[in-house]
Colleague: 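Below is a structure I'd like to ask you about.
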Protein chains: 2
Amino acid sequence: MSTAVTPVVLGLLSLGPRSGYEIKATVDRSTRFFWAASYGQIYPELRRLEGEGLIEGEDAPNGARARRLYRLTPAGREALEAWLRSEGRLTIELRDESLLRIFFADALPHDDALELLETRKRIFEEVLARLHEIDALPGEDPPFVDLVLRWGIAYTEWEAQWCAEQLQRLGPSTTPA
Amino acid sequence: MSTAVTPVVLGLLSLGPRSGYEIKATVDRSTRFFWAASYGQIYPELRRLEGEGLIEGEDAPNGARARRLYRLTPAGREALEAWLRSEGRLTIELRDESLLRIFFADALPHDDALELLETRKRIFEEVLARLHEIDALPGEDPPFVDLVLRWGIAYTEWEAQWCAEQLQRLGPSTTPA
DNA sequence: TAGTGCATGTAATGCGTTACATGATTTC
DNA sequence: GAAATCATGTAACGCATTACATGCACTA
């Protein structure tokens, strides 16, 4: 499980055979919210994993358009399960520029500082809208895939709610007429 | 505001003069939860900012131990305020391996999948303990610095709570005697 | 026929961490 | 006298994104 993309590739292939392009597309509407991956990582990784026998590729062109479908091998499934069960510290990292601004908001007049909370609220409301769109997409998801989507929605709602509460608490900003 | 460390350095110096070492130490018990910074970024950045006139350094050795204190210049304060008010997309990125595992947990037997939720819960409970320690540290924080600490505690509690609820919902795991 | 989506791939770039080097001071 | 902490700094490395190159297929 050497690189950070390895689990995403193995995991998505555990849900069914896919091409590199489809892996990227799936990442973009699912894991990218908490685990991003780019073409520059995916394609080299697919070849590496094939070389190691964890996945196998099969040419499946659409007409004259080249396309290569990958599927998990039994060894690949074992590697995925081993990763899911492995011990050791899990990376959980956040990089949140909005929060950083709020952290330093004492450098601003009070109303401008509240504006930062307003902005944060708006950001999460926009994310929430996008998550609802994804949720409305047809097709069943496996239970835990769905659970993580629920998490995304609940978390995003919590963030927006938190901002709303703080805005309330810190006094209605002196809105001009 | 060219690099990612710039706002942290300017922001922390807006709270009072500090050395590079102290900036790193402050980051490690405050912003690192949502905005990390390493020596490899901080020291070069301090010199760059001094060259640009946004901060100024003053030698303030402790005995024979070299030490250089930096403080914000008026231009630096303006740059900080400009950044706080600037428009454009804010980076908000999450990298959460625990969530990634839960996302792919359908590959495991149900009880092992629940184990992943248990692990996530424990992780956030540990973070919460560390945040409470930081909270108990003596000294007043500026209002918005404190607000972000409150956010950290509330958010972490929410995460642990969410795990607890899902564990409840998905059935008590068949705990062996 | 022009634009968008499907499909694969890589080179360059930038960014940030890790690890190391050095040395003084305080604490046990 | 050893270990931890204060203090500054950089080189190497790895990782991930960005941008580009290429070409087919479908649709408006």
Side-chain angles (χ1 to χ4, degrees), chain A residues 1-9 12-13 17-29 31-51 55 57-70 89 91-97 100 137, chain B residues 1-9 12-13 17-29 31-51 55 57-70 89 91-97 100 137:
Chain A
M1 192 67 49
S2 15
T3 86
V5 251
T6 314
V8 198
V9 171
L12 288 182
L13 292 183
R18 277 167 173 73
S19 66
Y21 182 85
E22 286 166 327
I23 287 175
K24 170 65 170 154
T26 308
V27 162
D28 282 345
R29 61 182 142 70
T31 70
R32 84 121 174 208
F33 293 102
F34 51 90
W35 204 268
S38 65
Y39 285 128
Q41 302 171 273
I42 292 168
Y43 282 113
E45 183 66 10
L46 284 169
R47 261 174 296 144
R48 222 211 67 205
L49 289 172
E50 189 170 19
I55 64 176
E58 172 200 0
D59 285 318
N62 275 342
R65 186 161 55 190
R67 179 156 168 270
R68 194 170 172 80
L69 270 189
Y70 292 90
R89 235 164 242 96
T91 66
I92 298 187
E93 284 166 22
L94 182 61
R95 200 140 181 103
D96 189 325
E97 197 178 353
L100 187 66
L137 251 40
Chain B
M1 192 65 52
S2 14
T3 87
V5 253
T6 314
V8 198
V9 171
L12 288 182
L13 292 182
R18 277 166 173 74
S19 66
Y21 182 85
E22 287 167 327
I23 287 174
K24 170 66 170 153
T26 309
V27 162
D28 282 345
R29 61 181 142 69
T31 70
R32 85 123 172 206
F33 293 102
F34 51 90
W35 203 269
S38 65
Y39 285 129
Q41 302 171 274
I42 293 168
Y43 283 112
E45 182 66 9
L46 284 169
R47 262 172 298 142
R48 221 211 69 205
L49 289 173
E50 189 169 18
I55 65 177
E58 172 200 0
D59 285 318
N62 276 342
R65 187 161 54 189
R67 180 157 168 270
R68 194 169 172 81
L69 270 189
Y70 293 91
R89 236 165 241 95
T91 65
I92 298 187
E93 284 166 21
L94 182 59
R95 199 139 180 103
D96 189 325
E97 196 178 352
L100 188 64
L137 251 40

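Below, chain A is the first sequence line, B the second, and so on; all start at residue 1.
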Colleague: Give a yes or no on whether the backbone of A:A60 and the side-chain of A:R67 come within a donor-acceptor separation of less than 3.5 Å.
Modeller: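 Such a contact is found between A:R67 side chain and A:A60 backbone.
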Colleague: Between A:R48 and A:E45, does at least one N-O distance fall below 4.0 Å, as a salt bridge requires?
Modeller: yes
Colleague: Could you grab the distance from atom OG1 of B:T31 to atom CG of A:L100, nearest 0.5 Å is fine?
Modeller: 6.5 Å
Colleague: Let me know which of A:E50, A:E58, A:E22 forms a salt bridge (charged side-chain N to carboxylate O under 4.0 Å, His left out) with A:R68.
Modeller: A:E50
Colleague: Has A:W35 got a side-chain atom pairing as donor or acceptor with A:A4's backbone, closer than 3.5 angstrom?
Modeller: yes
Colleague: Take atom CD1 of A:I42 and atom P of C:dT10, then tell me their distance rounded to the nearest Å.
Modeller: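 My rounded result for the distance is 14 Å.
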Colleague: Between C:dG5 atom C1' and A:R29 atom CZ, what is the distance in whole Å?
Modeller: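 Checked: the CZ to C1' distance equals 14 Å.
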Colleague: Any donor and acceptor pair, going by atom type alone, linking the side chain of A:E97 with main-chain N or O of B:T91 inside 3.5 Å?
Modeller: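 Yes; at least one donor-acceptor contact below 3.5 Å.
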Colleague: What is the distance from NZ of B:K24 to P of C:dG16, rounded to the nearest Å?
Modeller: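 It works out to 13 Å between those atoms.
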Colleague: What string of B, S and - do you get for nucleotides 8-22 of chain D, 5' to 3', if B is base contact, S is sugar-phosphate-only contact and - is no contact with any protein heavy atom under 4.0 Å?
Modeller: BBB-----SBB----
Colleague: Output yes when at least one side-chain N/O atom of B:N62 is less than 4.0 Å from OP1 or OP2 of D:dA7, else no.
Modeller: yes
Colleague: Minimum heavy-atom separation for A:P44 and A:Q41, please, with both atom names.
Modeller: CD-O, 3.5 Å
Colleague: I'd like a table of atom pairs between the protein and nucleotides 26-28 of chain D - only N or O on both sides, under 3.5 Å - with the distance next to each one.
Modeller:
none

Colleague: Check whether any side-chain N or O of A:K24 sits under 3.5 Å from a backbone N or O of A:S38 as a donor-acceptor pair, and report yes or no.
Modeller: no
